[in-house]
Amino acid sequence: MIAEVIVDVAAHPIDRPFDYAVPEKFQALTEPGMRVKVPFGNRKVLGFITTIKDTSEFDPKRLKPIHELMDVVPVLNGEMLELAQWMKRQTVCFEIDALQVMVPAALRAKYEKRFVLNAAIDELPKELHPYFGTRDFVRAQEAEAVYGLMKKEMDKGTVLADTNIQQKTGVKKIRMVHITDSAEDIENISIRANAKQQLKLQEFFLKHVGQSFESSQLQKQAGVSLPTVNALAEKGLANFSSMESYRDPSLLTAIEQKIALDLTDEQQTAFDAIQSSLNTEKTFLLHGITGSGKTEIYLQTIAQVLEEGKEAIMLVPEISLTPQMTIRFKERFGDLVAVLHSGLSAGEKYDEWRKIQRAEVKVVVGARSAIFAPFQNLGLIILDEEHESSYKQDDSPRYHARDVAIWRSQQHQCPVILGSATPSLESYARAQKGVYELLALKNRAKNQPLPEVHIVDMREELRTGNRSMFSVELAEAIRARLARKEQVVLFLNKRGYSSFVLCRDCGTVLQCPNCDISLTYHRASERMKCHYCGYDEPVPTTCPECESDHIRFFGTGTQKVEEELAKLVPDARVLRMDVDTTRNKGAHEKILSAFGEGKADILLGTQMIAKGLDFPNITLVGVLSADTTLHLPDFRAAEKTYQLLTQVSGRAGRDVLPGEVYVQTYTPEHYAITLAKDQLYEPFYEQEMAMRRASGYPPYYYVVNIQFTHEDLMTVSGYAQQMTEYLRHRLSPKTIIIGPSASLIARVNNRYRYQCLIKYKNEPKLAEVLQQLIKIYRSDWIKTGATLSIDMNPTTVM
DNA sequence: AGCACGCCGACT
DNA sequence: GTCGGCGTGCTC
């Protein structure tokens, strides 16, 4: 028996199956999808079995045996193994990366180098003795001080180097205590009269003869501690066992079950359309304006799918995976829901994943990677806010959850629902072409009017001498709300919203020494950090350039707004929500719930408040500067701006009170702004499509972004030039190749970055040419220390 | 990627 | 004379 194994080494020449002999003792159990420990070269690595076969092309005499089987049940099923190969082709990633991303982090290997004793300890020099102590190995990390001595011993053969492969987290086991069923034994046991605790426990045992308890419960109920329990167990009154258990991440108290709401006519129509296609691989684009009740359609469709005995995956952007959202699903589906979010520990995530694998839950709500939920009988996949760029992973494997969803829907013959108030142009174009079925919700569920949106021309403000960040109109509106005891949300649409330090004398902004980017001030640690390479240094007291002490911390943008706001409306209670105030776990939720409970009048924040804010008392939303995203050097800048404005506007007037929105901008005539005003999606779509057609971007063209890095500027520019030339020669003349040019952030971690962009409509040879490019990279450039990264269908090209 | 094998400079 | 630098070649 031979197993094909994809080993856990992410490198080009290794990115293919390696054959291993399956030892006799493993043969009964071995299946594709299991993890194995295998010898690879002179070390041991983890791998995934992808295929079982009888013969190998490889010289049978040189086949090595599988060292160890890590699973008794496969962690990946056939569908996932096939999906990994598809992802490899689709995203140009290593197969091992695709496999790893499907499995919870707890199941990925942790490699730990060790020195293992291979002789009697007294054969070693005295200095090394304490390192081994009672064990016959020492972690390399703990023995850094004696590397030289260790090396000598290794040469002698008295110490061996070894790599220990560990699982990060395993199944949580709880200790069970089983009380003997002989009351007689319990009574007759002799306990010293002064062993009060044991006597107490003896009494408890008598009341619960023959019963079993979780150890912790028993201790609590009997009011004793573990040694007492052990003492009686030793006397033969109880025995122990261990039981598998799940960690309990839920901090939620009992959730009241709720029933479905009545659907509006519009919702009903959409629901019916989906329902009649429940067993087909159809993709629906549910285009519903903000507040139109998309979630209720999701919930009821899921209920339908469950009724048919199938399972559902619901994807949401991480940032909207709030307790409010979770509660809504738990209210409807109770224990049938597993929630996967970034707040869970690796162990908790692993437990949720096992519930899915064992089909103990039927619905998964989670961010991007939840698309790999190992359901066997999938009946529905939903991507809420389908336009969100977080659905695309920004490192290898660079997959888009939407593409994986559609692939899985074909495997399972089930529908996909893409929901959004502001669909991505790609999706809407596909709906227009009939590839997806378009379902529209044009009215708000509670029939509230859309908020009235005012666009404020900040150039006018400047002309009339108002240099503050608040226009006269917005300031007025804020005061009016405060007077009426209504709530205000202020949105600072600012990129690089993190804080920096600037010298007011010479204008120096503190830069990272390794990257071409400014350092960010971290309040918690009182240090300056680089978000790209992790470099950090203390906050300076004088300017490193001119030694002036007028060096000043320049707030997050939001902090500056907060200061101005304090002057404008001194009595207002302001909550600020940005990277600084939400750094701690749960801070996000705390701020939101405080605001929801009316503990503040104004909520001031960045991107993160654009979503999921659903409070009835918000009647005013102010966008302080709509321009910042608009002028980013990216083909999606207008689309992002439109989406953001629509999203924020949707926060106002969601209940009975009508809402009002002020959008401040220096470019009030831009279509992304004027059309977002009345949520005129289709005109925006038309206009933006025309732009994309003219400039040759998606959805008219497909894009591939290729990035080159090297520590030397001249080398990388030459390298990028050569590679781009190669592409120009090999791809069709109709394909547009832009660059190479320096990336927007031209240096990260002391490596210079260049990129080129391929824009094509039809390029059948693309995969082949890219493989060829990788070959050239491998033969000519890899040894110089250059890197190559390929991003198929990037969400941004900056 | 990691690790061993293999051929040329500064040290016990 | 050896320890050790990192070039290149392989991993079932």
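Keep in mind the model is a prediction, meaning the values are calculated, not measured. Proteins get letters first, then strands, A, B, ... in listed order; numbering begins at 1 in each.
Regarding Arg778(A), its CZ atom lies at a distance of 12 Å from the C1' atom of dA1(B), rounded to whole Å. Whole-Å rounding puts the Ile782(A) CD1 to dG7(C) P distance at 15 Å. Asp15(A) has its CG atom 15 Å from the P atom of dG2(B), to the nearest Å. For the pair Lys64(A) NZ and dC10(C) P, the interatomic distance rounds to 14 Å; values are reported in whole Å. If you take NE2 of His12(A) and P of dA1(B), they are 8 Å apart, rounded to a whole angstrom. With rounding to whole Å, Ile6(A) atom CD1 is found 17 Å from dA1(B) atom P. Remark: C1' of dC12(C) and CD1 of Ile66(A) are 11 Å apart, rounded to the nearest angstrom.
Between Tyr391(A) and His400(A), the ring planes lie tilted relative to each other; the angle falls in the 30° to 60° range.
Defined by atom type and a distance below 3.5 Å, a donor-acceptor pair is present between the side-chain atoms of Asp8(A) and Gln100(A). There is no side-chain donor-acceptor pair under 3.5 Å between Glu352(A) and Tyr350(A). A donor-acceptor contact under 3.5 angstrom links the side chains of Ser342(A) and Glu318(A), judged on distance only. At a cut-off of 3.5 Å, with distance as the only test, no side-chain donor of Thr158(A) or Asn118(A) sits close to an acceptor on the other residue.
Looking at the side chain of Lys113(A), the nearest of the listed nucleotides dT11(C), dC3(B), dC12(C) is dC3(B).
Contacts between residues 84-103 of chain A and DNA chain C, defined by a heavy-atom separation under 4.0 Å, are absent. Residues of residues 23-53 of chain A that place a heavy atom closer than 4.0 Å to DNA chain C, in numerical order, are Pro39(A), Phe40(A), Gly41(A).
Atom OH of Tyr535(A) has more than 12 heavy atoms from other residues, nucleotides or ligands within 6.0 Å.
The cationic group of Arg139(A) does not satisfy the cation-pi geometry with Phe137(A), failing either the under 6.0 Å distance to the six-membered ring centre or the 45° limit from the ring axis.
Using a 4.0 Å heavy-atom cutoff across all strands shown, Ile14(A) reaches at least one base atom of the nucleic acid. At the heavy-atom level, Lys61(A) lies nowhere under 4.0 Å from the strands shown.
Taking the 5.5 Å centre cut-off and the 30° plane limit, the aromatic side chain of Phe18(A) is not classed as stacked on dC12(C).
Val9(A) places none of its side-chain heavy atoms less than 4.5 Å from the side chain of Asp15(A).
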Under 3.5 Å, which donor-acceptor pairs link side chains of residues 737-750 of chain A to any protein atom two or more places apart or in another chain?
| unit_1 | atom_1 | unit_2 | atom_2 | d |
| --- | --- | --- | --- | --- |
| Ser743(A) | OG | Gln707(A) | NE2 | 3.0 |
| Ser743(A) | OG | Gln755(A) | OE1 | 3.3 |
| Arg747(A) | NE | Asp516(A) | OD1 | 3.1 |
| Arg747(A) | NH1 | Pro513(A) | O | 2.9 |
| Arg747(A) | NH1 | Asn750(A) | OD1 | 3.1 |
| Arg747(A) | NH2 | Pro513(A) | O | 3.4 |
| Arg747(A) | NH2 | Cys515(A) | O | 3.4 |
| Arg747(A) | NH2 | Asp516(A) | OD1 | 3.2 |
| Asn750(A) | ND2 | Asn514(A) | OD1 | 3.0 |

